[in-house]
Amino acid sequence: MFPAERPRRLRRTSALRRLVAETTLTPSQLIAPLFVAEGRPSPTPISSLPGQFQHTLDSLVDEARRLAERQVGGIILFGLPATKDATGSQAWDENGIIQVALRRLRDEFGDELLVMADTCLDEFTDHGHCGVVRDDGTVDNDLTIELYARQAVAQARAGAAVVGPSGMMDGQVGAIRQALDQSGFSETVIMAYSAKYASALYGPFREAVDVQIINGGNRRAYQQDYHNRRESLREARLDVQEGADIVMVKPAMTYLDVVSDLRRELDVPVAAYHVSGEYAMIHAAAERGWIDGPAVALEQLTAVRRAGADMILTYFAADVAETLS
Ligand code: PBG
């Protein structure tokens, strides 16, 4: 007999498939993470992240221009300071590498390119933790969020339109919102890394920012445990109450359930971070000829959108934006 329903009818041609596509992926939904290093004569390729560099100020501007031309949603900066100390003071120093880079980008692009800054201390501390470490090796939550507040104000003053607290300290969003408002930066957006898991997928990133971790070698006492799902909703709700404008889930592919929960339960924009390990795995398999790298990248990023992310931080931003345009 004849099938009563023929869903294949709508898949017959690419025109039909395009017409009924439920999910879109556009350059404006992509945010490119970029690394800028202090005092380098030339950009250094990051071997664990093919195609990504530890930039000089000049090469950062060139890359930012390329991304702006491709109409990406924005860029987010990570810094490699020339000197580190116990509190990570370069993170809020007016002449710290991130603040210098932010001013340079503001001068070059103004409001034409959305520039964000990661707000966390791990790249700036000599012990590699995301906060102030006590004598017993644990991270002091309340002291740390005061430093995040200083860092966020320094970033806003230097021109960051968006700050992205990623340290997973309790109360960090509230402390930053209050400090920004009191310093005259009530319009600075907070994109909170709300549901950030302690993930083995950050491996290549730590090479990219030259961070080795001591004191137990992991961040499990502040980043989330990957056995948990409900906890992410609790974290994200608290961040919204404290003033987060955008909430983020990180990593992406292994946490699509969490992306979907946040999209359904909250009414703020939801971001997902397709992290260094996710990028590196695709490149590694593609290099061996086992998968079609660009095709897998498109499939994964579209899946993150389908799960409910409004925007995606991804090292594929430049390549995918070019493919899409
Ligand atoms: C912390 C931070 C990390 C990443 C972004 N912000 C590293 C960590 O938490 O250990 C990882 C990003 C990636 O893996 O692509 N400042």
Side-chain angles (χ1 to χ4, degrees), residues 30-36 46-54 75-81 84 88 90-92 96-98 116-133 139 144-145 147-148 151-152 155 160 162-169 172 176 190-226 235 247-255 271-284 297 300-301 304 312-318:
L30 305 177
I31 298 160
L34 296 178
F35 302 96
V36 58
I46 302 167
S47 63
S48 58
L49 295 175
Q52 306 297 314
F53 294 84
Q54 294 172 343
I75 63 174
I76 183 162
L77 295 189
F78 295 92
L80 289 86
K84 304 188 185 195
Q90 285 295 299
W92 59 84
I97 181 65
I98 289 294
M116 314 184 174
D118 183 78
T119 308
C120 194
L121 296 176
D122 59 319
E123 293 126 56
F124 305 94
T125 54
D126 52 17
H127 45 73
H129 268 296
C130 293
V132 182
V133 178
V139 173
T144 298
I145 63 177
L147 301 184
Y148 289 171
Q151 180 182 17
Q155 291 172 337
V162 181
V163 296
S166 67
M168 290 303 283
M169 297 297 138
Q172 62 183 12
I176 288 172
I190 299 179
M191 176 175 70
Y193 290 62
S194 301
K196 177 173 178 180
Y197 285 84
S199 171
L201 291 163
Y202 307 148
F205 176 90
R206 291 182 188 158
E207 186 195 316
V209 293
D210 292 335
V211 170
Q212 318 91 18
I213 304 160
I214 56 156
N215 294 334
N218 66 63
R219 306 195 199 289
R220 288 185 204 131
Y222 38 106
Q223 297 178 348
Q224 281 177 243
D225 183 333
Y226 57 69
E235 286 280 4
V247 294
M248 193 205 296
V249 176
K250 178 182 174 189
M253 296 308 298
T254 28
Y255 302 89
Y273 198 143
H274 190 264
V275 301
S276 59
E278 300 178 283
Y279 177 86
M281 287 194 292
I282 292 176
H283 270 279
Q300 289 202 359
L301 297 179
V304 179
I312 309 170
L313 292 84
T314 170
Y315 303 93
F316 284 113

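Counting convention: from 1, in listed order, for ligands and their atoms alike. Here the structure is a predicted model, which means the values were calculated and not measured.
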Novice: Below 4.0 angstrom from a heavy atom of Tyr273, which ligand 1 atoms are there? Numbered from 1 as shown, please.
Specialist: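 So the answer, numbered in order with elements, is 12 (C), 15 (O).
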Novice: Show me which atoms of ligand 1 lie under 4.0 Å from any heavy atom of Glu123.
Specialist: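 Numbered from 1, ligand 1 contributes 16 (N).
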Novice: Below 30° counts as parallel, above 60° as perpendicular, anything between as tilted: where do the rings of Phe316 and His283 land?
Specialist: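 Aromatic pair Phe316/His283 classed parallel.
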Novice: Going by the closest heavy atom to atom 2 (C) of ligand 1, which one wins out of Arg206, His129, Arg219, Lys196?
Specialist: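 That would be Lys196.
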Novice: May I ask which of Tyr279, Tyr222, Phe205 has a heavy atom nearer to atom 12 (C) of ligand 1 than the others do?
Specialist: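 Of the listed residues, Phe205 has the closest heavy atom.
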Novice: For Tyr315, take its heavy atoms, then give the atoms of ligand 1 lying under 4.0 Å from any of them.
Specialist: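 Taking each heavy atom of Tyr315 in turn, ligand 1 has 12 (C), 13 (C), 15 (O) under 4.0 Å.
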Novice: For ligand 1, which atoms sit closer than 4.0 Å to a heavy atom of Asp122?
Specialist: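 In order of number, 1 (C), 16 (N).
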Novice: Strictly distance-based, threshold 3.5 Å: is any side-chain N or O of Gln224 a donor or acceptor partner for the main-chain N or O of Ala198?
Specialist: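 Checking the backbone N and O of Ala198 against the side chain of Gln224, no donor-acceptor pair under 3.5 Å is found.
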Novice: Any idea how Tyr315 and Tyr273 line up, ring-wise: parallel (<30°), tilted (30 to 60°), or perpendicular (>60°)?
Specialist: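 Tilted, since the angle between the ring planes falls between 30° and 60°.
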Novice: Considering only heavy atoms of Ser166, which atoms of ligand 1 have at least one such atom less than 4.0 Å away?
Specialist: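 Contacts of ligand 1 toward Ser166, numbered from 1: 1 (C), 6 (N), 16 (N).
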Novice: Could you verify whether a donor N or O on one side chain and an acceptor N or O on the other, from Gln52 and Tyr279, lie under 3.5 Å apart?
Specialist: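 Indeed, the side chains of Gln52 and Tyr279 share at least one donor-acceptor pair under 3.5 Å.
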Novice: Any Lys/Arg nitrogen of Arg206 or Asp122 sitting under 4.0 Å from an Asp/Glu carboxylate oxygen of the other?
Specialist: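 The answer is no: the pair does not qualify as a salt bridge.
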Novice: For atom 3 (C) of ligand 1, state which one of Gln52, Gln223, Lys250 supplies the nearest heavy atom.
Specialist: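 Residue with the shortest heavy-atom distance to the ligand atom: Lys250.
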Novice: I need the Gln172 CD to Thr144 OG1 distance, nearest 0.5 Å.
Specialist: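 Spacing of CD (Gln172) from OG1 (Thr144) equals 10.0 Å.
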Novice: Could you check whether any side-chain heavy atom of Val163 comes within less than 4.5 Å of a side-chain heavy atom of Met116, counting everything from C-beta outward?
Specialist: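 No; the side chains remain at least 4.5 Å from each other.
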Novice: Could you see which bit of Cys120 sits under 4.0 Å from ligand 1, with heavy atoms only: side chain, backbone, both or neither?
Specialist: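 It is the side chain that gets close, since no backbone atom is under 4.0 Å.
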Novice: Below 4.0 angstrom from a heavy atom of Asp118, which ligand 1 atoms are there? Numbered from 1 as shown, please.
Specialist: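 Answer, ordered by atom number: 6 (N), 16 (N).
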Novice: Where do Lys196 and Met248 land on the side-chain contact (heavy atoms from CB on, under 4.5 Å) test, with the steps shown first?
Specialist: CA-CA 8 Å; Lys196 177 173 178 180; Met248 193 205 296; over 6 Å; no
Novice: Which is it for Val211 and ligand 1 at heavy atoms under 4.0 Å: side chain, backbone, both or neither?
Specialist: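 It is neither part, as no heavy atom is under 4.0 Å.
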Novice: Report the part of Val275 (side chain from C-beta onward, or backbone N, CA, C, O) that has a heavy atom under 4.0 Å from ligand 1; answer both or neither where that applies.
Specialist: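 Answer for Val275: both.
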